[in-house]
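Numbered from 1 within each chain, the chains take letters A, B, ... in sequence-line order.
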There are 6 protein chains.
Amino acid sequence: MFSLTVRDHIMIAHSLRGETFGPAQRLHGATYVVEATFRRTELDANGVVVDIGRAAEALRAVLAELDYRNLDDEPSLAGENSTTEALARVIANRLAERTQAGVLGDGARELRSLVVTLHESPVASASYERSL
Amino acid sequence: MFSLTVRDHIMIAHSLRGETFGPAQRLHGATYVVEATFRRTELDANGVVVDIGRAAEALRAVLAELDYRNLDDEPSLAGENSTTEALARVIANRLAERTQAGVLGDGARELRSLVVTLHESPVASASYERSL
Amino acid sequence: MFSLTVRDHIMIAHSLRGETFGPAQRLHGATYVVEATFRRTELDANGVVVDIGRAAEALRAVLAELDYRNLDDEPSLAGENSTTEALARVIANRLAERTQAGVLGDGARELRSLVVTLHESPVASASYERSL
Amino acid sequence: MFSLTVRDHIMIAHSLRGETFGPAQRLHGATYVVEATFRRTELDANGVVVDIGRAAEALRAVLAELDYRNLDDEPSLAGENSTTEALARVIANRLAERTQAGVLGDGARELRSLVVTLHESPVASASYERSL
Amino acid sequence: MFSLTVRDHIMIAHSLRGETFGPAQRLHGATYVVEATFRRTELDANGVVVDIGRAAEALRAVLAELDYRNLDDEPSLAGENSTTEALARVIANRLAERTQAGVLGDGARELRSLVVTLHESPVASASYERSL
Amino acid sequence: MFSLTVRDHIMIAHSLRGETFGPAQRLHGATYVVEATFRRTELDANGVVVDIGRAAEALRAVLAELDYRNLDDEPSLAGENSTTEALARVIANRLAERTQAGVLGDGARELRSLVVTLHESPVASASYERSL
C-alpha cells in the first residue's frame with residue numbers, strides 16, 4: 001500500500017457548545033495544521049499516488065473555504081460543533097467530493113482511502129479516515 | 001474511523017538487561033514524548049472521540065506513576081526490560097484500565113482501540129496498539 | 001551567557017485592523033506556541049538561570065489571561081492591533097512585571113533579559129526582546 | 001501490535017519524467033528524512049520488536065547506496081521515475097531483503113510488516129507498506 | 001527589539017568543490033527549509049515589523065530563482081561553492097536588495113537587520129546575518 | 001556574521017540536589033537534543049564556517065563521554081548540579097578545548113563564538129554561549 005501526504009494550515013475562530021468543553025465554550029481560535037493522506041495499492045504510470053501539485057491545490061481549495069473565518073458563522077457548519085474531529089470529517093468529505101469530481105485527474109479513480117489529520121496544538125490532534 | 005491524540009512527556013532513568021543493548025545496559029535515561037491515540041467509528045453527541053481534557057488528565061495520571069523515576073526500582077515493572085516497546089504496552093494497558101473504570105466518561109464505552117507511541121529520541125520511537 | 005527557555009501555548013480569536021492585513025481583518029484565530037527565554041551571565045547557587053518550574057508557572061499565569069479568549073474583547077489590549085509582534089511584547093512585559101514582583105524568586109534579580117517568541121503557524125513567528 | 005521506528009536521512013539529486021511534474025522535471029534535489037517502521041504481534045525475549053541498533057544500521061546501509069548521489073545515474077533505479085513514493089518502495093524492498101538475509105538477527109523472523117516513509121519537505125511525504 | 005520570521009523551502013541539486021566535502025563533492029541535492037528574520041526596534045503604525053504577506057512573497061520571489069534547479073549551472077552562483085552558509089548569504093543579500101527596492105513597503109525603511117537560516121537536514125543548518 | 005549548527009543527542013540519568021528541583025531530586029533521566037552553533041565573520045576558502053563533518057565528529061566525541069551514563073557517577077561533573085544549563089556549559093567548554101586543540105582544522109582559528117543548546121523536553125531548553 002502506498003500513501004501520499006500533503007500539509008497546509010488554517011487560522012480560524014470558533015466556540016464549542018457543551019459543558020464538557022470548559023473554557024473552549026468561549027469564542028477562541030486555532031491554527032490547524034492539516035494533513036491529507038491519499039492511499040492506493042499501486043502507483044500510476046508516472047510512479048505516483050496522485051499528482052502532488054493537484055493534491056496540494058485541492059487541499060488549499062477546501063481549506064480556503066474555512067481559512068481566516070469564524071466557524072460559528074459558517075452556514076455549512078451550522079448545527080454541529082466544529083470540534084477538531086468534526087472538522088477533520090468536513091475537510092475529508094469535501095476533499096473526497098473534489099476527488100470524485102476529477103480535480104485530481106483520472107488516475108485518482110484508483111485511490112482507496114483518505115485520512116485527514118488536524119493538529120490543533122503541540123499536544124492535541126484528531127483525524128478522520130474514509131474510503132474513496 | 002475517527003481518532004484523537006493527546007501528547008505529554010516523562011523523564012526517567014533505567015537500564016536494559018541483555019548484551020543486545022550494548023551501552024544501554026548501563027544506567028542511563030530518556031525523555032519519552034508519549035502520544036495516546038483513541039479511536040472510534042462515530043463521534044459522540046458532543047462531536048468528539050472522547051473529552052480531550054479528560055484524555056489528557058488520564059494520560060498524565062498514568063505517566064505520573066513513572067515520571068522522574070528510576071524504572072529499575074519500580075516494583076510494577078520488575079521482571080521485564082523497560083524497553084520503549086514494553087513501556088508503550090504498560091502505558092497503553094494502564095490507560096485502558098482507567099478508560100474501562102470510567103475516567104473518560106460514559107461515551108468512552110464506544111472507543112474501539114488505543115495506540116500509545118513513545119518517542120525516545122529524534123531518531124527512534126516505538127508503539128503498542130490494543131483494542132478497548 | 002546562559003539562557004533558559006520554557007514553552008507553552010494559547011488558543012485565541014482576534015481580528016486585525018488595517019487593509020494591509022487582507023483576510024486577517026476578518027475574525028479568525030490562532031494557536032500561538034509561546035516561548036519565553038530568560039538570560040543571565042552567571043548561574044545561581046543551584047546551577048540554574050531560574051527555577052524552571054516557577055518560570056513555567058509564571059508563563060502559564062500570563063498566558064491564562066489570554067487563553068481561550070477573543071482578544072478583540074480584552075480591555076487590556078484595547079486600542080492596539082493584537083498582531084503576533086504586539087502580543088509578544090504584551091506577554092514579555094507581563095512576564096517582566098511578575099519577575100520584578102518576585103514570583104521567580106530572589107535569584108531572578110540577576111536576570112539580564114527576556115525574549116518572548118510566538119509561533120503562529122508552521123511558516124510564521126515573531127518575537128520581542130527586552131532587558132530585565 | 002507493536003512497532004519500532006528508526007529515522008535517518010539522505011541528500012540526493014534527481015529529475016522526474018512527465019509533464020505532470022512541472023518544474024520537478026528539471027534536475028533538482030531533496031533531503032529525504034526516512035522512517036522505517038517494523039511491526040510484530042509479540043515482543044522477543046529481550047522485550048523488543050527488533051534490535052534498534054541493528055535496525056538503524058540496516059537502514060543506514062540501504063540509504064548509503066543512495067546518499068549523496070544523482071539518482072538519474074543509478075543503474076538500479078533505471079527505467080522508473082524516482083518519485084518519493086517509488087523511493088519508499090525501493091528502500092522498503094531493500095530493507096526487507098536484508099531482514100530476510102538475517103542482518104536483523106533471528107528474532108526478525110517474527111516481523112510482520114514494514115512501512116517506509118519519506119518526508120521530502122515540511123509539506124509533503126510518501127510511504128510504502130509491505131509484509132515481511 | 002522586535003523580529004518577524006517567515007519560512008519557506010526549496011529543493012535543489014548541487015555539488016561542492018574541495019576534498020573537505022567528501023561525498024558531497026558528488027552531484028547530490030537538498031531540501032532547504034529557509035527562514036528569513038527581519039528585525040527593528042519599534043513596530044510600525046499597524047503594529048508589525050513588516051507586512052507578513054509581503055515578506056513571504058519577497059522570500060518566495062528570491063527562492064523561486066533557485067528552486068527546482070541544479071545550482072552548479074546557475075550563472076549567478078558561478079565561481080563560489082554553494083555551501084549552506086554561502087546560500088544563506090546569497091538569499092539574504094537578494095532579500096535585502098528587494099527590501100531596499102521597496103517591495104516590503106515604506107515602513108521597511110526602519111528595518112535594522114536580517115537573518116537568513118537554511119536547515120539542510122534534521123542535524124545541520126547555517127545562517128547569515130546582515131544589517132539593512 | 002555566519003553560523004553553522006550541528007545537532008546530536010544523548011540519553012543520560014541524573015538527579016539534582018536542592019529543594020527547588022522538586023521531583024527532579026529523584027534519580028531520573030533525559031534525552032538531550034544538543035545543538036552546537038559555531039560563529040565567524042567571514043567564510044573560509046571553501047565557503048564554510050567550519051568543516052561540517054569535523055564539527056559533527058567533535059560534538060559526537062564530546063557527547064560520547066556523557067552518553068548512556070548516570071551523570072551522578074561522573075567524576076568530571078562531581079561537585080556541581082548537572083542542570084541543563086550546567087551541561088550546556090560543560091559541553092561548550094569541552095568543544096572549545098577540542099577546537100583550540102585543532103580538531104576542526106586550521107580555519108577554525110577564525111571562529112568567534114560557540115553556543116550550545118540542550119533541549120530536555122518539548123517544553124524546556126537551555127543554552128550557554130562563549131567566545132572562542
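At a 4.5 Å heavy-atom cutoff, the contact between F:Leu4 and chain E is made by backbone and side-chain atoms alike. Contacts of E:Ala88 with chain F are absent, with no heavy-atom separation under 4.5 Å from either backbone or side chain.
Your options are E:Gly22, E:Gly18, E:Pro122, and the one with the most heavy-atom pairs under 4.5 Å with chain F is E:Pro122.
Residue pairs meeting the ring-ring contact (aromatic ring centres under 6.0 Å, His included) criterion with at least one member in residues 98-117 of chain F, sequence neighbours excluded, do not occur.
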Short donor-acceptor contacts under 3.5 Å linking chain E with chain F:
| from | atom 1 | to | atom 2 | distance (Å) |
| --- | --- | --- | --- | --- |
| E:Thr20 | OG1 | F:Asp51 | OD2 | 2.1 |
| E:Asn81 | ND2 | F:Asn46 | O | 3.2 |
| E:Thr83 | OG1 | F:Gly47 | O | 2.6 |
| E:Glu85 | OE2 | F:Val49 | N | 2.9 |
| E:Pro122 | O | F:Arg7 | NH1 | 2.5 |
| E:Val123 | O | F:Arg7 | N | 3.0 |
| E:Ser125 | N | F:Thr5 | O | 3.0 |
| E:Ser125 | O | F:Thr5 | N | 2.8 |
| E:Ser127 | N | F:Ser3 | O | 2.9 |
| E:Ser127 | O | F:Ser3 | N | 2.9 |
| E:Ser127 | OG | F:Ser3 | OG | 2.6 |
| E:Glu129 | N | F:Met1 | O | 2.9 |
| E:Glu129 | O | F:Met1 | N | 3.1 |

